[in-house]
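Position 1 is the first residue of the sequence; numbering continues from there. Computed over heavy atoms, backbone and side chain alike; hydrogens, waters and symmetry mates excluded.
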Amino acid sequence: MPLAPQRADVPVTIDESKCIEGCTLCVDMCPLDSLAIDESNGKAYMHVDECWYCGPCAARCPTGAVTVNMPYLLR
């Protein structure tokens, strides 16, 4: 069975195939500093499991790589 390329249980997921290497727009927008840049590949990832589901990270991403997995009860 192949491993999942990213965790699906975190509030914010980032599609690495769409993420622009070196871009920090989503990281800069996060009020909780939940996102960071992976130094090995220059792409964003969620490094802590905290999120206010505010959405600026996803809205600011120019390629649509960032998805906020908002719980059903908050929609």
Side-chain angles (χ1 to χ4, degrees):
M1 173 184 276
L3 295 174
Q6 61 192 11
R7 285 181 54 190
D9 62 336
V10 293
V12 177
T13 54
I14 298 166
D15 183 343
E16 284 191 18
S17 67
K18 293 180 181 178
C19 185
I20 301 169
E21 184 178 337
C23 176
T24 62
L25 293 174
C26 62
V27 174
D28 296 339
M29 296 304 295
C30 182
L32 297 176
D33 293 327
S34 296
L35 302 174
I37 299 295
D38 185 342
E39 292 185 21
S40 67
N41 63 11
K43 301 198 176 195
Y45 71 101
M46 187 161 194
H47 73 102
V48 295
D49 294 347
E50 289 187 30
C51 185
W52 286 343
Y53 305 99
C54 56
C57 57
R60 191 72 171 112
C61 181
T63 62
V66 181
T67 302
V68 178
N69 303 309
M70 191 175 295
Y72 180 74
L73 294 175
L74 294 179
R75 292 181 192 173

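- Counting heavy atoms from C-beta outward, D15 and T67 have side chains that stay 4.5 Å or more apart.
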Could you give the side-chain donor-acceptor pairs of residues 23-30 under 3.5 Å, partners two or more places apart or in another chain?
from: T24; atom 1: OG1; to: D28; atom 2: OD2; distance (Å): 3.1

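- With hydrophobic clusters built from ILVMFWY side chains whose heavy atoms lie under 4.5 angstrom apart, V66 does not share a cluster with Y45.
- Under the side chain to side chain contact (heavy atoms under 4.5 Å, CB included) criterion, A59 pairs with no residue at all, not counting sequence neighbours.
- By the side chain to side chain contact (heavy atoms under 4.5 Å, CB included) test, T63 pairs with K18, I20, C61, A65, sequence neighbours left out.
- Residues V12 and L35 meet the side-chain proximity criterion, which asks for heavy atoms closer than 4.5 Å.
- Listed by chain and residue number, E16, D38, K43 satisfy the side chain to side chain contact (heavy atoms under 4.5 Å, CB included) test with N41 (two or more places apart in sequence, or in another chain).
- A 4.5 Å side-chain heavy-atom check between S34 and W52 finds every atom pair outside the cut-off.
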